[in-house]
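Data first, discussion second: the structure below is written as structure tokens.
Throughout, protein chains are lettered first and strands after them, A, B, ... in sequence-line order, and every chain is numbered starting at 1.
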Amino acid sequence: MSRPQAPVPEPTPLVVVAAGTTAGSAVREAGLPGKGPDAVVVVRDAEGRLRDLSWAPAEDTEVEPVAADTEDGRSVIRHSAAHVLAQAVQQLFPEAKLGIGPPVKDGFYYDFDVERPFTPEDLRALEKRMKQIIKGSQRFSRRVVDSVEAAREELASEPYKLELVDLKSEVDTSEVMEVGGGELTVYDNLDPRTGDRVWGDLCRGPHVPTTRHIPAFTLTRVAAAYWRGNERNPQLQRIYGTAWESTEALDRHLELLAEAERRDHRRLGAELDLFSFPDEVGSGLPVFHPKGGLVRRELEDYSRRRHEEGGYEFVYSPHITKGALFETSGHLGWYRDGMFPAMHLDEERDENGVVRRQGQDYYLKPMNCPFHNLIYRSRGRSYRELPLRLFEFGSVYRYEKSGVVHGLTRVRGMTQDDAHIYCTPDQLQDEIRSLLTFVLDLLRDYGLDDFYLELSTRNEEKYVGSDEDWERATDALRAAAEASGLELVLDPGGAAFYAPKISVQARDALGRTWQMSTIQVDMQLPDRFDLEYTAPDGSRQRPVMVHRALFGSIERFFGVLTEHYGGAFPAWLAPVQVVGIPIASDHVEHLLGVAKELRSRGVRVEVDTSDDRMQKKIRNHTTQKVPFMVLAGANDVENGAVSFRFRDGGQLNGVPVATAVAAIADWIGRRENSSPTAETFEPAGAAG
RNA sequence: GCCGACGUAGCUCAACUGGCAGAGCACUCGCCUUGUAAGCGAGUGGUUAGGGGUUCGAGUCCCCUCGUCGGCUCCA
């Protein structure tokens with residue numbers, strides 16, 4: 001499965017719209033398509049604003065036609081589909097009040113206030129009604145409302161729209177789809193024959209010319225959402241859908257969703273016997289089975305090796321600590337809600353229930369850094385020791401809200417590959433730069449190679465520390481990010497309370513992005529822990545601290561890799577690397593010999609000696625995604641050879657045992673990330 | 001935390017309006033001895049997530065708890 005490729009549109013020639021005529025007629029006269037996947041649905045004016053085809057400028061104007069199969073074109077189709085959905089809802093549920101209905105990535109939604117939440121049956125009925133509306137070829141007609149008062153009057157029965165109008169009259173914001181652009185507009189849906197207004201909605205547009213220009217859509221799910229995203233506001237019912245320029249494009253999208261479902265790590269975790277979430281343990285607390293354990297151990301071992309080579313020192317810290325430590329670090333002040341509640345221990349009371357001895361609050365640790373700081377300050381430090389890099393596979397526990405726990409990617413107990421680097425302010429720049437290189441190289445070794453960076457800066461409502469410190473830290477990160485040459489996206493206000501961060505976002509095999517590594521410069525904790533080192537001149541200086549997790553958490557990284565590879569792990573990570581499959585029981589002996597040799601080379605190999613037929617064994621181990629199936633029948637036994645079958649069904653027959661063993665060990669040793677095939681797997685003899 | 005849907009064998013799913021809990025796969029035991037994705041037969045397996053209620057009778061209806069899923073909010 002390759003990444004979804006947006007069709008590359010031909011560079012669109014500009015079209016001149018004559019004064020007083022519509023953009024649509026200019027587009028038609030230019031001979032541009034009016035239907036089909038590349039139909040022009042809107043135009044872009046000189047200021048970059050999208051305009052309806054019915055737009056008629058007062059002067060001759062050059063515009064760029066926007067086709068349905070572009071991202072902008074799809075957004076317009078989706079926005080129009082949202083309107084059709086809203087019309088359908090109000091026809092079937094006249095009491096429904098409208099929220100907002102914007103296009104979003106890959107689709108659209110519309111929020112409604114209804115007495116009774118929508119059911120799946122409602123969705124089917126709504127789809128049906130939407131199809132009727134689309135067939136009816138209603139015209140989207142733009143109308144400017146003269147004044148806020150006029151708008152209020154018109155929208156009297158739509159309380160949420162009224163709120164938007166009032167919002168608009170206070171601050172002109174283009175954030176909200178419904179309003180913006182300097183004036184209040186309504187889009188009316190007109191009957192094509194009579195011209196009667198069938199329905200209308202406060203909206204800044206633009207829209208496709210008629211409902212017929214929504215070639216393919218489907219409603220996907222229904223969910224609740226807070227009005228204007230605030231949990232203090234009432235909850236509305238949100239209907240999600242997707243719409244595309246053609247049925248083919250819609251089908252491709254649905255196929256991608258189906259593929260994502262097949263690759264879902266929660267499903268693969270059960271199918272491949274990797275891990276599970278026993279109810280008895282608790283929500284968000286996974287256990288790893290032997291096969292998942294093997295993959296995880298390989299992940300960790302390789303990381304450990306690379307960290308050793310990279311100058312990291314390994315430390316260990318307990319899972320639980322007295323509360324004072326997190327008072328010092330500030331976590332109890334800022335993030336108590338995200339922590340498991342305290343265990344109150346060691347309190348003693350006398351027979352009257354009066355406290356005789358004060359107890360202590362112990363907490364499960366949500367982060368490792370305070371412990372590493374204690375290690376740092378366990379003795380005096382010299383500038384000669386810096387940068388000091390402390391690394392730990394540290395298990396942390398966070399009390400995630402019940403609604404966010406999700407497979408391995410959002411858990412309550414996880415192991416971070418956590419490192420804290422202590423350096424002098426002078427070293428910071430170089431350290432971050434080399435750290436970023438280290439992180440990206442390592443991610444590439446695991447098969448992720450499509451990245452962009454995100455720089456999260458201070459949240460003005462939630463931070464500690466001085467402006468200068470924040471600026472210095474942010475600059476250091478920005479410089480390193482820019483030096484990497486990767487795409488850099490800004491995330492204003494996204495930082496943790498104590499430090500700005502760079503996060504590495506990786507795109508997987510399906511083109512989805514995942515936040516992986518984070519690098520944070522911290523100028524707060526060294527203060528709070530009073531960390532020092534002795535400088536060359538004998539003075540005591542404060543080190544700068546860098547937090548970084550590479551996998552984020554092992555669990556999450558495991559989940560991402562599982563989905564990236566669809567369970568077909570690279571041979572070096574695969575829990576079972578080779579399965580020997582005898583054609584008949586007579587050939588078991590031969591394969592046991594081969595297996596013994598492989599095992600002596602460190603290969604994880606099994607021989608399937610069950611009563612199943614050979615074909616069945618191939619099926620079983622194919623579904624288990626074993627990279628190498630090594631078959632042997634009478635011919636192979638006679639020739640001292642084996643025959644390969646690969647995941648993709650390809651085969652390579654009569655390979656001498658010694659050659660086969662060496663080639664397998666070599667493939668694994670190289671940490672080749674692709675699946676071996678008859679073409680890519682060349683036993684030494686063939687490769688010369 | 002909020003809204004909604006869901007929870008039947010290890011897995012995937014049946015069981016019409018309340019009326020004897022079933023199938024395929026997996027697993028166990030036989031037979032079969034096989035050349036690149038399911039050989040044949042038999043058997044084991046369930047307090048229908050847990051608890052309470054309505055009813056002559058509850059997998060099915062009602063209430064509570066736990067969990068899962070989809071969103072919202074949150075995410076050190």
Open item on the list: Under 4.0 Å, counting only non-hydrogen atoms across every strand here, what does Gly229(A) touch: a base, just sugar-phosphate, or nothing?
Closed with: sugar-phosphate

Task: Nearest to side-chain heavy atoms of Asn635(A), which nucleotide of A76(B), G71(B), G35(B) - done: G35(B)

Open item on the list: Does Asp586(A) reach a base, just sugar-phosphate, or nothing at all? Heavy atoms under 4.0 Å.
Closed with: nothing

Task: Pairwise C1' distance, G22(B) and A9(B) [rounded to whole Å] - done: 10 Å

Open item on the list: What's the gap between G24(B) and C20(B) when it is taken at their C1' atoms, as a whole Å value?
Closed with: 23 Å

Task: Closest to side chain of Gln615(A), choosing from A76(B), A38(B), G4(B) - done: A38(B)

Open item on the list: Does Phe118(A) reach a base, just sugar-phosphate, or nothing at all? Heavy atoms under 4.0 Å.
Closed with: nothing

- [ ] Ignoring the backbone of Val404(A), work out which of A76(B), U73(B), G35(B) is nearest its side chain.
- [x] U73(B)

Task: Residue pair Asp648(A) / Thr677(A), side-chain donor-acceptor N/O under 3.5 Å - done: no

TODO: Considering only atom P, compute the distance from A49(B) to C13(B) and round it to an integer number of Å.
DONE: 15 Å

Open item on the list: Quick check on U36(B): is either OP1 or OP2 less than 4.0 Å from any side-chain nitrogen or oxygen of Arg619(A)?
Closed with: no

Task: Identified pairing partner of A5(B), criterion: Watson-Crick or G-U wobble below 3.5 Å - done: U68(B)

TODO: Using atom types as modelled and distance alone, determine if a side-chain donor or acceptor of Glu271(A) lies under 3.5 Å from a backbone N or O of Thr623(A).
DONE: no

TODO: Pick base, sugar-phosphate or nothing for Arg266(A), based on heavy-atom distances below 4.0 Å to the nucleic acid.
DONE: sugar-phosphate

Open item on the list: Please tell me if Lys616(A) has a side-chain N or O lying less than 4.0 Å from either OP1 or OP2 of A26(B).
Closed with: yes

Open item on the list: Using the rule given for ring-ring contact (aromatic ring centres under 6.0 Å, His included), can you reason through His319(A) versus Tyr397(A), listing the C-alpha separation, both sets of side-chain angles and the distance that settles it, and then say yes or no?
Closed with: CA-CA 8 Å; His319(A) 294 201; Tyr397(A) 299 87; 5.8 Å; yes

TODO: Indicate, yes or no, whether a donor-acceptor pair under 3.5 Å links the base of G4(B) to the side chain of Thr119(A).
DONE: no

TODO: Please measure how far the C1' atom in U73(B) lies from the corresponding atom in C56(B), and state the result in whole Å.
DONE: 49 Å

Open item on the list: On the side chain of Gln235(A), is there an atom forming a donor-acceptor pair with the base of C2(B) - under 3.5 Å, no angle test?
Closed with: yes

- [ ] To the nearest Å, give me how far apart CG (Asp111(A)) and P (C3(B)) are.
- [x] 16 Å

Task: Nearest-angstrom distance, P atom, A26(B) to A21(B) - done: 27 Å

Task: Test: Arg412(A) cationic atom under 6.0 Å from Tyr399(A) six-membered ring centre, within 45° of axis - done: yes

Open item on the list: Taking 4.0 Å as the cut-off, does a side-chain nitrogen or oxygen of Arg232(A) come that near to OP1 or OP2 on G1(B)?
Closed with: no

Task: Distance below 4.0 Å between Tyr240(A) side-chain N/O and C72(B) OP1 or OP2 - done: yes

TODO: State which of G4(B), U36(B), U73(B) makes the closest approach to the side chain of Pro117(A).
DONE: G4(B)

Task: Nearest-angstrom distance, P atom, U28(B) to U44(B) - done: 15 Å

- [ ] For Ala634(A), answer base if it contacts any base atom (sugar-phosphate contacts may also be present), sugar-phosphate if it contacts only those atoms, and nothing otherwise; contact means non-hydrogen atoms under 4.0 Å.
- [x] base

Task: Any Arg613(A) side-chain N or O less than 4.0 Å from OP1/OP2 of G39(B) - done: yes

Task: Residue Ala584(A), side-chain atoms from C-beta onward, closest of U73(B), A76(B), U34(B) - done: U34(B)

Open item on the list: Can you check the distance between A42(B) and C25(B), where both ends of the measurement are the P atom (answer in whole Å)?
Closed with: 12 Å

Open item on the list: Classify Glu271(A) by what it touches in the nucleic acid, base, sugar-phosphate, or nothing, heavy-atom distance under 4.0 Å.
Closed with: nothing

Open item on the list: Ignoring hydrogens and geometry beyond distance, is a side-chain donor-acceptor pair present between Trp227(A) and Asp111(A) at under 3.5 Å?
Closed with: no

Task: Test: Lys625(A) cationic atom under 6.0 Å from Phe569(A) six-membered ring centre, within 45° of axis - done: no

TODO: Report yes if at least one side-chain N or O of Arg238(A) is closer than 4.0 Å to OP1 or OP2 of G71(B); otherwise report no.
DONE: no

Open item on the list: With a 3.5 Å limit on both atom pairs, tell me what G24(B) is paired to, counting Watson-Crick and G-U wobble, or say none.
Closed with: C11(B)

- [ ] Counting heavy atoms from C-beta on, name the nucleotide in G1(B), C32(B), A76(B) closest to the side chain of Lys401(A).
- [x] G1(B)

TODO: Would you kindly compare Phe644(A) and Gly407(A) by the position of their nearest RNA chain B nucleotide and give the one closer to the 5′ end?
DONE: Phe644(A)

Task: Base of G35(B) paired with side chain of Asp636(A) (donor-acceptor, under 3.5 Å) - done: yes

Open item on the list: Does either side chain, that of Ser317(A) or that of Glu392(A), offer a donor lying less than 3.5 Å from an acceptor on the other one?
Closed with: yes

Open item on the list: For the P atoms, the ones on A14(B) and on C61(B), what distance do you get once it is rounded to whole angstrom?
Closed with: 15 Å

Open item on the list: Between Arg458(A) and Glu460(A) (salt bridge meaning N to carboxylate O under 4.0 Å), is one present in this structure?
Closed with: yes

Task: Short side-chain N/O contact from Tyr226(A) to OP1 or OP2 of C72(B), under 4.0 Å - done: no

TODO: Please tell me which of Asn230(A) and His406(A) maps to the more 5' nucleotide of RNA chain B, matching each residue to the nucleotide holding its nearest heavy atom.
DONE: His406(A)

Open item on the list: Under 4.0 Å, heavy atoms only, any strand: does Pro366(A) hit a base, just the sugar-phosphate, or nothing?
Closed with: base

Open item on the list: With a 3.5 Å cut-off and heavy atoms only, can you find an N or O donor on one side and an acceptor on the other between the side chain of Lys617(A) and the base of U36(B)?
Closed with: no

Task: Watson-Crick or G-U wobble partner of U54(B), both distances under 3.5 Å - done: none

Open item on the list: Need the pair for G59(B). Rule: Watson-Crick or G-U wobble, both distances under 3.5 Å, any strand; none if unpaired.
Closed with: none

Open item on the list: Does a side-chain N or O of Ser402(A) approach OP1 or OP2 of G1(B) to a distance below 4.0 Å, or not?
Closed with: yes

Task: Minimum-distance nucleotide (side-chain atoms of Ala496(A) versus C74(B), G71(B), A76(B)) - done: A76(B)

TODO: Classify the nucleic acid contact of Thr220(A) as base, sugar-phosphate or nothing, counting any heavy atom under 4.0 Å across all strands shown.
DONE: nothing

Task: Heavy-atom donor-acceptor pair, Thr415(A) side chain to Ser395(A) backbone, under 3.5 Å - done: no

- [ ] Using both distances under 3.5 Å as the test, list the Watson-Crick or G-U wobble partner of C29(B), or none.
- [x] G41(B)

Open item on the list: Side-chain N or O of Ser283(A) versus OP1/OP2 of U68(B): is the shortest distance under 4.0 Å?
Closed with: yes

